[in-house]
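To keep things clear, I will list the structure first and then write my remarks on it.
We count ligands from 1, going down the list as the structure has it; atoms in each ligand are counted the same way.
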Amino acid sequence: MDAPAHDIPAGQTIIQVDRISKTFHLKGEEVYALKDVSFDIKKGEYLSIMGPSGSGKTTLFNMIGALDVPSDGAVKIGPLDLTKLTSRQLAYVRNHYIGYIFQAYNLIASLTALRNVAIAHVFSGASNEEATAKAKQCLELVGLGHRLHHRPDEMSGGQQQRVAIARALVNDPAILLADEPTANLDFKTGGDIIGMLKQLSATRGVTVITATHDHKMLSNSDRILWMRDGRVDRIDRRQDIHIEEGTIEVGGKSIEH
Ligand SMILES: Nc1ncnc2c1ncn2[C@@H]1O[C@H](COP(=O)(O)OP(=O)(O)OP(=O)(O)O)[C@@H](O)[C@H]1O
Ligand SMILES: [Mg+2]
């Protein structure tokens, strides 16, 4: 496989979520995490997924990010139907097309910032020297050039989150998935992180998808997808909603989420 996700022109559909459902079987009980979810995302778009806890945001991310497969329906990245790929092909997609930023950072505690980022590049086939040089570049991009040799427990939460962003960028992904990237951060640091994601989508054409409870993440989005009970409640364009501190208005109606 070469790089079809990167070759898609800006503004064309890069991800197609087609009627996916996900059911977990738990002690004989069926838990419906996603029900009949469909939507498209364009190359270079910044999409925020909003919804209460348990509404299915992370489950949806796992499907788009090739970390899990839907019980029904299909997820396509460019021409590739993820539900039809072998595990080896899925690993290629994860390494070469997608960058992940997890809520809990998921950094390796025993490694420095530089090594945490470099190792993700080594996994995609780079040599140690290449990976170290690229990791340094990515850490400088997120403002951590002065923390290369610190381990996660020697950095603040915001700095660890920025290492996680650098790691997500090291393989030049076409798609960046950020699951609640500001959940553990203060207002100012959260704002900086969001600004960074927006800049990546605007200047590098990276498609950014974030899951969040955080209303301040919405103003940078091109569209906002609202989830409720495993379904898409609705999708709004940024210009159609009015956001004020504490409230969001759509078509003159105030909504709570
Ligand atoms: N591995 C699993 N086994 C069983 N049920 C699961 C599993 N993963 C998720 N679920 C259930 O699926 C539903 C959706 O969970 P999910 O983690 O996607 O929600 P979320 O919107 O990301 O919530 P939060 O905002 O709290 O992160 C929940 O009811 C959850 O209990
Ligand atoms: Mg979640």
Give the atoms of ligand 1, by number and element, whose distance to some non-hydrogen atom of P52 is under 4.0 Å.
-> 21 (O)
Number the atoms of ligand 1 from 1 as they appear, then name those within less than 4.0 Å of a heavy atom of T59, with their elements.
-> 14 (C), 15 (O), 16 (P), 18 (O)
Considering only protein heavy atoms, which is closest to [atom], and at what distance to one decimal place?
| atom | answer |
| --- | --- |
| atom 17 (O) of ligand 1 | T58 CB, 3.8 Å |
| atom 11 (C) of ligand 1 | V31 CG1, 3.9 Å |
| atom 12 (O) of ligand 1 | A33 CB, 3.3 Å |

Just by distance, do the side chain of D179 and the backbone of F102 share a donor-acceptor pair under 3.5 Å?
-> no
Would you call R19 and D36 a salt bridge, taking side-chain N to carboxylate O under 4.0 Å as the test?
-> yes
N171 and H96: side chain donor to acceptor below 3.5 Å = no
Between the side chains of S71 and S21, is a donor N or O closer than 3.5 angstrom to an acceptor N or O?
-> no
Name the option, out of Y32, F24, F61, that contains the heavy atom nearest to atom 3 (N) of ligand 1.
-> F24
Flag G54 as yes when one of its N or O atoms lies below 3.5 Å from any N or O atom of ligand 1, and as no otherwise.
-> yes
Is G56 in polar range of ligand 1, meaning some N or O pair under 3.5 Å apart?
-> yes
Please indicate, with yes or no, if any protein heavy atom is found under 4.0 Å from atom 31 (O) of ligand 1?
-> no
Distance col, row Q89:CD vs L82:CG, nearest 0.5 angstrom, shows 10.5 Å
Roughly how far, to the nearest 0.5 Å, is CZ of R167 from CD of Q160?
-> 10.5 Å
Within 45° of the axis and under 6.0 Å from the centre of the six-membered ring of F24, does NZ or CZ of K22 qualify?
-> yes
Considering only heavy atoms, does A211 approach ligand 1 within less than 4.0 Å through its side chain, its backbone, both, or neither?
-> neither
With heavy atoms only and a cut-off of under 4.0 Å, state how E180 meets ligand 1: side chain, backbone, both or neither.
-> side chain
